[in-house]
Amino acid sequence: MKIGIVLYPTFGGSGVVATELGKALAKKGHEVHFISYNQPVRLDHFHPNIRYHEVRPFNYPLFDYQPYELALTSKLVDVVRYEGLDLLHVHYAIPHASAAYFAQQILKSHGVEIPFVTTLHGTDITLVGKHPAFEPVITFSINQSNAVTVVSQSLKDDTYKHFTIDNGIEVIHNFIEPESYCHTLGEEELKLKNKVAPNGERIITHISNFRKVKRIQDIVRIFKKVREKIPAKLILAGDGPERFKVEQLCEELGICDHVTMLGNIQSANEVLCISDLFMLPSETESFGLAALEALASGVPVISSNAGGIPEVNKDGYSGFLSNVGDIDKMAKDTLRILESDETLNKFKKQAFEHSKNFSIEKILPKYEAVYDRVMAAVKRED
Ligand code: GMT
């Protein structure tokens, strides 16, 4: 099948999922065309079945804002016609789903039928999408999609709650490729571990795009409590609007010497490989791909119980769940896991075992079944 994948190319979870899905589809023999305004960060090596098409918005003095959605729509029309795509799969509703709908209608006027699948990822529904500035367009384009998937049951419930949807929605969880995560320290990982925790301290990690919704200040406060009991270090990887405030809080609490701020990282593998525990205390989280990547690296997770996180982190098995903002419980649970090597090793094993429920072999056929279904429906209409 020839599949066009529309995505954000940045460090956000939706872009990572879309890129990894495309790579896996290409490995299975499909021809995959990524369409975005920059090369996706996880599209790091060449594969003969993968193509990348860059959307170049047109600048003109009249425009205060470049009309990206129109440039994307035109690019979709162009790529579908000239590459002979069978379907489009758009990740993150805004503005990808409405651009796909518009492209579909233009192509119809040229006699070309192309179905599009929309995958909702989270903030396109829970934060940004439901804002009145976008709601009518989002509702319309979800309803017009030939198929809609979401990354958790929680997001499915939220979508039906916040929008008037008469289309079916299928839950397809985020996934990992278990073999691609690191479990034994190589030379580079050892160097990093010695640098961060030279005296064998426990390493606690968080990776995100540092938005408010991630509640990184909670992590810093939890870490302070943990350090009062055991030797520990904190790695914060990623960058974004909250970074400055987080740095300020570290200073205020006098723990800067024990916190390593890495900035954006291309791959989470090396950092997760040296970590003993991962924290995700988010205010809202449709799934929590970063937590799943931690589990796949054998790293237990301390998280909030917001949104779809309980579908990923199994309380008392792969880590612990708490109410949003309950930093006392999160600190206690962290100590429960980290206090002895025996408990830590038990949780590490369980974390890895649990991650296998989300392996790509289980998830990829679900997307392929959706593609087959929409293609069959289009053929029936012909
Ligand atoms: O929250 C992020 O880090 C980015 C955001 C995105 O859309 O790029 O992530 C959302 O999609 C991820 C992949 O499906 C999910 O794992 C994240 O939970 C979700 N983020 C939120 O719901 C806040």
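These numbers come from a predicted model, not from an experiment. Both backbone and side-chain heavy atoms feed into the values below; hydrogens, waters and symmetry mates do not. Whatever order the structure lists them in is the order used to number ligands and atoms, beginning at 1. Positions are given from 1, in the same order as the sequence printed here.
- Using a 30° and 60° split on the angle between ring planes, Phe58 and Phe63 fall in the perpendicular class, above 60°.
- A salt bridge links Arg336 to Asp333: at least one charged side-chain nitrogen sits closer than 4.0 Å to a carboxylate oxygen.
- With sequence neighbours left out, Cys250 forms a disulfide (SG to SG under 2.5 Å) with no residue at all.
- At a threshold of 4.0 Å, the pair Asp276-Lys233 does not count as salt-bridged, since none of the basic side-chain nitrogens sits closer than that to a carboxylate oxygen.
- A distance limit of 4.0 angstrom between heavy atoms and ligand 1 selects the residues Gly12, Gly13, Ser14, Val17, Tyr92, His121, Gly122, Thr123, Val151, Asn174, Asn209, Arg211, Lys214, Thr284, Glu285, Ser286, Phe287, Gly288, Leu289.
- Every pair passing disulfide bond (SG atoms under 2.5 Å apart) that includes a residue from residues 133-241 is listed here, sequence neighbours excluded: Cys182-Cys273.
- Looking at residues two or more places apart in sequence or on another chain, you find a salt bridge (charged side-chain N to carboxylate O under 4.0 Å, His left out) between Glu228 and Lys224.
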